[in-house]
Amino acid sequence: MLFISPTEFTEEHLDTPSPLPTMADSMDIDDSLYSRQRYVLGDSAMQQMAQSAVFLSGMGALGVEIAKNIVLAGVKAVTFHDCKRCEVWDLGTNFFIREEDVHSQKKRVEAVHSRVAELNPYVQVSVATDVLDENTDLSFLKRYQCVVLTGTKLSLQKRIDYFCHSQQPPIKFIGCDVFGICSRVFCDFGEAFEVSDPTGEEPKELFIQNISQGNPGVVTCMDSRTHGLQTGQSVCFKEISGMSELNGTTHQVTVLSPYSFAIGDTSSFQPYAHAGIFRLVKMPKIFTFAPLQLHTIMLALDAFLEQYARLPNIGSVSRCARGCLSPLAAAVGGIASQEVLKALTGKFSPLQQWVEAHCFNVDFGVCRGDRYDALRACIGESLCLKLHKFQVFMVGCGAIGCEMLKNMALMGVGLSRCSGELVQFLECYLLFLDITTAAAASLEINPELQIDAHLNKVCPATEDMYSDAFFSRLNLVVTALDNVEARRYVDSRSVSNQKALLDSGTMGTKGHTEIIVPYLTESYNSHRDPPEEEIPFCTLKSFPAVIEHTIQWARDKFESAFSHKPSIYNMFWQSHSSAQEVLQVRIILHTMEGSFQVIKLLSRRPTQWNHCLALARLKFDKYFKKKALQLLHSFPLDTRLKDGSLFWQSPKRPPSPIEFDLDDPLHPFDTCARLKLLTSTLRKITKCVYLYQHIETDETVKKPDQLKMTVSSEEERQAISQLQEAINSSFVTPERLRMTPLFFEKDDDSNGHIDFIASASALRAHMYAIEAADRLQTKRIAGKIIPAIATSTAAVAGLVSLELIKVAGGYGFELFKNCFFNLAIPVMVLTETAPVKRTQIRDDISFSIWDRWTIFGHEDFTLSDFMNAVKEEYGIEPTMVVHGVKMLYVPVMPGHNKRLKLTMHRLIKPSAGRKYVDLTVSFAPEVDGDEDLPSPPLRYYFSRESESGETA
C-alpha cells in the first residue's frame, strides 16, 4: 500500500462483490430481510437509514459488534477504520478474526471487512487504514451522517466531537469504549436534535364511556380501562355522537385517575350522547447535547492512555482495563448501535451519558499468549478454566441463541480439551436457519469448542431421549425461546434436576434477562404473567369494534376453510377408504363427528378454476352482504335494550352490506385483472336463498364446537344422495377425493395466505366502518409476529453471558442480577433476583422448589413400607400419595386402606426399564379443618441400584 500523508485520509474499497442497490435507490424495503425490524423502526426510519452513511473507527471487540449491528440494520454505507494488525488476543474478542489472519499479520479492518459485508448485500462497506490523529484533516467526515469512535484516546475524541458539533447540520457523534469490566457511551447529536417518536410505543385507541360538559370536561374510559396517559400529552377524538365538536380535534390532557382525564372547556359543546374513541398523539421532542464530558472514574484511564499510549498492564483489580470482556462488548455494542440508528432516523430518545461496571472476584493469572488472555485479565485464571470445563445445554438457536453461541465461543465455554461441551437444540424448526450452520459458525470462531447439535424438540415427547440422566451431566441450561409454554417446560426440567437456568427474551427495543440458580432464587414457573386477553366469540362473529377483531376473524376463516376442514375431510377418507363403507352414511353420520361437513365439502368440491371463483363470489356475499343484512334484520338500527339505551352504540358498530363490485380493487379475492378475465362467469352466479339465523350477543359464550352439528333427516338424505353420486362418478378416484390442507405460513409472500387475510379483514373493516390496517400491520397481528432488532438481541445476549460467568464462579445471591431494558427510552434496570421461598410443613420441616425427597424401595416394598419410610426419613407421615393423575392412596376413598398391603410395583405398574417415579405426597394439617400440607416432589426408586443410570 502506498504511503499516504497523515494530513490526508482515504477510503479503500476492497475486492468484494458489488452490493445490491440500496433501499434508498428504490425506496422498496426487502421484507425477507427486514420483516421483524420494520415493526420496530417503521418504514420511514428504515428509508432514512438507507440514505445515511456511517464512519466507524476501531475494529476491536466493541467496534466489530457495532459494525455487525448497523450493517444488519441496513444503513446505506459504512466505512470501517482501523490501523492495527491481527493478534492472538483478538481471537478471544473479535468474532470475525481467524487464526490465519493472525498468522498472516493481516490488518484487522481487512480481515473483518468481507465477513461483515456478507451480512447484508444492500450495505456498501469500505475500509480506511490511515492514521487518524491530531494532524488529520477532518473534512472527509462531512460525507457521513454519523461518526462512531471506539478505542480512541480522549484528546482525539474531543477534537472530532468538536468538529462534528460545529457542522451545519451537525454530524452525529458517538464515542464508546470497553475497558475490562467498565464501559461508557457518549452521544452528541447537536444543540437541537428532534426526535419524532420518543418512546416507540404504538398508540392505542380506547373507547369512551362519557364526556362531561364543564370546565374542564372530563373524559371517562369505557369498562374501567386504564388510559396509560401522562399529564401534558395530547389525544385526538373521533366517532363521538352528541359532542361532535370534539371529532377530529386534538387536546392536551390532565390526568385525574387511571380511568379519566380532563381536556379543557367543553361547557359550550353539545351534550355527549354515546360512542367515541380517543388516541394518543405523538409529539416531537427536542434534545440538546453538550460537547464531550466524561465520568470521573474514567478520567484516570484516559490520562494513562494519553501519557503511555497504552492501557495499564494486568496485575491488580484496578488494572484489568487492558482486558476485554466480550459479553460486555456485546451488550455495549448493542446499546451503542441503537444510538447510531437514533442519530440517523430521529426515532426514539437518545442516550445522554452512560457508564457501567461489572463486579467479579478476580485472581489474576499470567498471560499465556492464547486467545483467552483478554478474558483472563478480567475474570482471572481459575474462573476462565471453569468456563472451559462447563457443560451447557442451549435450547433454541434463533437470533438470541446465535448471539449466545458467539459469546460462548469467544469465552471458550465448553472446550473439548477440558471435557466441556455445548449441547445445542433447535426447539422450533425455523424456516431460515439450519442448526448445523449455527454450530459450524461457532467452530469457525473457536475451533476448540465441543458442540453437539440436535434437531429434536425438548418436550414431554422426547423425555426418554433427554432424560434426567442427560440433565445430570450438565452444569447450566440456557434458553433462547419464543414462547411461554416451552420456557415453562425447560424450567420445570431444570428445577427437577437442580440446574441453573439463564432465560432471556426481546420484543423490539425491549429486553429482559432472568437468572435462576438452584437453592438461591425462584424459578420461571414461580411467577405467572397475566393471561392474554381473549376476544369474546360474539365480538369476533358479529360485533367487531377494532381492526384486531377483523384480522383475527379473517385468520379464523383461513384456518377453517383451508386447514381445519380439509384435514377432517382427509381423515374421513382415510378411515373409510372403500365405496361400500362410505355409503353406510346413516351410521357414519351418527358415529363420526364432522362427517356431514365432509359430505358438504365433497358436494362443493371444485374441479375447475371457474368453480373456485364462483365459490369465492358466493363467500363474498355470505360474509360481507348477507351477514350484515341478517344482523340488521335481527337488530334494526333503532333497537333499544331493556334500560332504554341503544343496542347499536359504542363499542358495537352497525354493519353496512357491501355490494360486490369488480371495479373496486378491495372486493376480488384474486387480483382484479384475473377476475375481469372471468367476468361473464362471475355474473352468471345466481343468488342463494338466505335464511336468518340466531345471533349470539352474550360475551361470556364460548365458540361452539363446529364439528357437533344437528343434521335433519332431509339434509341426511341429500347428503347420502350427493355422496353416492360422487362415488359413482367415473372421474372420481381416491386421489381426487383428497384435499391438501394449507397450514398458515406468514413469511412466504408468494403463498397468498397473508393476502387472503388482509383482503378479508379489510372488507370486514369496511363493512363495520373500522379503519383498515395495511398489509404489514395485518401480517404482524395475524402472524403474532414479535418485533425484533439486532441491537436489543446483542444487548440481551451479552447481559446473559455476563451472568453465565457468575454462575460458573459460584457467586453469591447478591451478585446475580436480572435485567430489564428498553433501548428506545433508553432505560436499563438491574435488580436482584427473587430469593427462593420456603414452605413450612412443621416448625422444623420446610422445603423449597429446589428440594426433592427420595425413598428407595425393592421388589416387595409395600405402600405401608413406603409410608413408614417417609415418616422415618423425614419425620412426618403422609396422608395422601398421588402418581400423576392416579391416586395411589387417599384414606377417605373406598378400599384404599386395603392398598397398604399392596406392593408399589403393583400399584404403579412401571413400564419396562423404568427405574423411578416422581410422586406427590401431602400431610395432615396441624389444625383440623385446614388444607393438607404439601411436600416437595418425592422420587421413589424401585431399587437402590437404579439410582445410577437413571431412566425417567
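These numbers come from a predicted model, not from an experiment.
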Note to self: Under the criterion side-chain contact (heavy atoms from CB on, under 4.5 Å), I'd like the reasoning laid out for L422 against D452: C-alpha separation, chi angles, the key distance, then a yes or no.
What the structure shows: CA-CA 6 Å; L422 294 178; D452 185 13; over 6 Å; no

Check: What about F393 and F470, are their ring centers closer than 6.0 Å?
Finding: yes

Notebook entry, point to check: Do C221 and F207 have side-chain heavy atoms sitting under 4.5 Å apart?
Noted result: no

Next item on the list: Kindly indicate whether the side chain of F744, heavy atoms from C-beta on, has any atom under 4.5 Å from the side chain of R555.
Entry: yes

Margin query: Is it the case that the side chains of N822 and T509 hold a donor-acceptor pair, with the cut-off being a distance below 3.5 Å and no angle test?
Written below: yes

Next item on the list: Check the pair T862, D865 against side-chain hydrogen bond (donor to acceptor under 3.5 Å, both in side chains), reporting the backbone distance first and the verdict last.
Entry: CA-CA 5 Å; T862 65; D865 294 333; 3.1 Å; yes

Checklist line | Check ion pair E463-K457 (N to O, under 4.0 angstrom) | finding: no

Checklist line | Considering all heavy atoms, the nearest Y889-L900 contact | finding: CE1-CD2, 3.9 Å

Item checked: Within-4.5 Å side-chain heavy-atom neighbours: K817 and T831 -> no

Margin query: Quick check on ring pair (Phe, Tyr, Trp, His ring centres under 6.0 Å): which of F866, F942, Y940 does H905 satisfy it with?
Written below: F942

Checklist line | side chain to side chain contact (heavy atoms under 4.5 Å, CB included) partners of D844, counting only residues at least two apart | finding: R842

Note to self: Donor-acceptor check, side chain of E803 to backbone of K806, threshold 3.5 angstrom: yes or no?
What the structure shows: no

Check: Shortest non-hydrogen contact from L540 to W553?
Finding: O-CD1, 3.4 Å

Note to self: Strictly by salt bridge (charged side-chain N to carboxylate O under 4.0 Å, His left out), give each pair with a member in residues 495-515 just once, sequence neighbours left out.
What the structure shows: E201-K510, R487-D503

Margin query: Show the nearest heavy-atom pair for residues S792 and G508, with the distance to one decimal.
Written below: OG-O, 2.6 Å

Notebook entry, point to check: If you count the non-hydrogen atoms of other residues, nucleotides and ligands that lie under 6.0 Å from CD in E872, is the total more than 12?
Noted result: no

Next item on the list: Report yes or no: does D851 contribute a side-chain atom to a donor-acceptor pair with the main-chain N or O of F847 at less than 3.5 Å?
Entry: no

Check: Can you list the residues that meet the ring-ring contact (aromatic ring centres under 6.0 Å, His included) rule with H512, with sequence neighbours excluded?
Finding: none

Next item on the list: Assert yes or no for the condition that the ring centre distance of H454 to Y466 is strictly below 6.0 Å.
Entry: yes

Note to self: Surrounding CD of Q498 (heavy atoms of other residues, nucleotides or ligands, distance under 6.0 Å), is the total greater than 12?
What the structure shows: yes

Notebook entry, point to check: To the nearest 0.5 Å, what is the distance between OG (S472) and CG (N497)?
Noted result: 7.5 Å

Next item on the list: Mind running side-chain hydrogen bond (donor to acceptor under 3.5 Å, both in side chains) on D491 and S523 for me, showing each step along the way?
Entry: CA-CA 7 Å; D491 175 77; S523 76; 3.2 Å; yes

Item checked: Test item: S848 side-chain N/O and W850 main-chain N/O as donor-acceptor pair under 3.5 Å -> yes

Next item on the list: Could you give me the CA-CA distance, side-chain angles and deciding distance for D643 and S645, then say whether side-chain hydrogen bond (donor to acceptor under 3.5 Å, both in side chains) is met?
Entry: CA-CA 6 Å; D643 63 2; S645 60; 2.6 Å; yes

Check: Is there a donor-acceptor contact under 3.5 Å from the side chain of S935 to the main chain of V921?
Finding: yes

Notebook entry, point to check: Where do T854 and R939 land on the side-chain hydrogen bond (donor to acceptor under 3.5 Å, both in side chains) test, with the steps shown first?
Noted result: CA-CA 5 Å; T854 304; R939 179 160 294 181; over 6 Å; no

Note to self: Are more than 12 heavy atoms, taken from residues, nucleotides or ligands other than R473, located less than 6.0 Å from that residue's CZ atom?
What the structure shows: yes

Next item on the list: Apply ring-ring contact (aromatic ring centres under 6.0 Å, His included) to Y489 and list each qualifying residue two or more places apart in sequence or on a separate chain.
Entry: none

Notebook entry, point to check: Any donor-acceptor pair under 3.5 Å linking the side chain of Q391 with the backbone of S419?
Noted result: yes

Margin query: Surrounding NZ of K898 (heavy atoms of other residues, nucleotides or ligands, distance under 6.0 Å), is the total greater than 12?
Written below: no

Checklist line | Sub-4.5 Å side-chain heavy-atom contact between L476 and L502 | finding: yes

Next item on the list: Just do the side-chain contact (heavy atoms from CB on, under 4.5 Å) check on V517 and T833 with the steps written out, would you?
Entry: CA-CA 9 Å; V517 184; T833 56; over 6 Å; no

Check: Is the shortest heavy-atom distance from the side chain of F821 to the side chain of V827 under 4.5 Å?
Finding: no

Note to self: Using the rule ring pair (Phe, Tyr, Trp, His ring centres under 6.0 Å), only one of F861, W853, F856 pairs with Y941; which is it?
What the structure shows: F856

Next item on the list: State, to 0.1 Å, how close A330 and N407 come at their nearest heavy-atom pair, and which atoms those are.
Entry: CB-OD1, 3.8 Å

Next item on the list: Taking S257 for its side chain and S260 for its backbone only, find out whether a donor-acceptor pair lies under 3.5 Å.
Entry: yes

Note to self: Please enumerate all residues that pass side chain to side chain contact (heavy atoms under 4.5 Å, CB included) together with M507, with sequence neighbours excluded.
What the structure shows: I786, P787

Note to self: I'd like to know if the side chain of S560 reaches the main chain of D556, judged simply by a donor and an acceptor atom lying under 3.5 Å from each other, with no hydrogens or angles considered.
What the structure shows: no

Margin query: Consider side-chain contact (heavy atoms from CB on, under 4.5 Å). Of V881, D932, L933, which one does S922 pass it with?
Written below: D932

Checklist line | R899 vs L907, side-chain contact (heavy atoms from CB on, under 4.5 Å): CA-CA, chis, key distance, verdict | finding: CA-CA 8 Å; R899 293 184 176 186; L907 286 170; 3.9 Å; yes

Margin query: Run the ring-ring contact (aromatic ring centres under 6.0 Å, His included) test against F261 and tell me which residues pass, sequence neighbours left out.
Written below: H227, F278

Next item on the list: Give a yes or no on whether K389 atom NZ has more than 12 heavy-atom contacts from other residues, nucleotides or ligands under 6.0 Å away.
Entry: no

Notebook entry, point to check: Between H388 (side chain) and C418 (backbone), is there a donor-acceptor pair under 3.5 Å?
Noted result: no

Notebook entry, point to check: What pair of heavy atoms forms the shortest contact from P826 to L823, and how long is it?
Noted result: CB-O, 3.5 Å

Next item on the list: Flag the pair D918 and R852 as a salt bridge only when some basic side-chain nitrogen lies within less than 4.0 angstrom of an acidic carboxylate oxygen.
Entry: no

Next item on the list: Evaluate the side-chain proximity of Y524 to I516: yes if any heavy-atom separation is below 4.5 Å, no if none is.
Entry: yes

Check: Can you find a pair of side-chain heavy atoms, one from P835 and one from E522, that are under 4.5 Å apart?
Finding: no

Margin query: I400 vs T506, test: side-chain contact (heavy atoms from CB on, under 4.5 Å). Steps then yes/no.
Written below: CA-CA 8 Å; I400 296 176; T506 65; 4.0 Å; yes

Next item on the list: Specify the closest pair of heavy atoms between T839 and P934, including all atoms of both residues, with the distance to one decimal.
Entry: CG2-CG, 4.3 Å

Item checked: Side-chain donor/acceptor of N818 to backbone N/O of I515, under 3.5 Å -> yes

Next item on the list: Run the salt-bridge test on E202 and R780 with the 4.0 Å N-O cut-off and return the result as yes or no.
Entry: yes

Check: Backbone N or O of R225 within a donor-acceptor pair of the D223 side chain at under 3.5 Å?
Finding: no

Item checked: Non-hydrogen side-chain atoms of P891 and H896 separated by less than 4.5 Å -> no

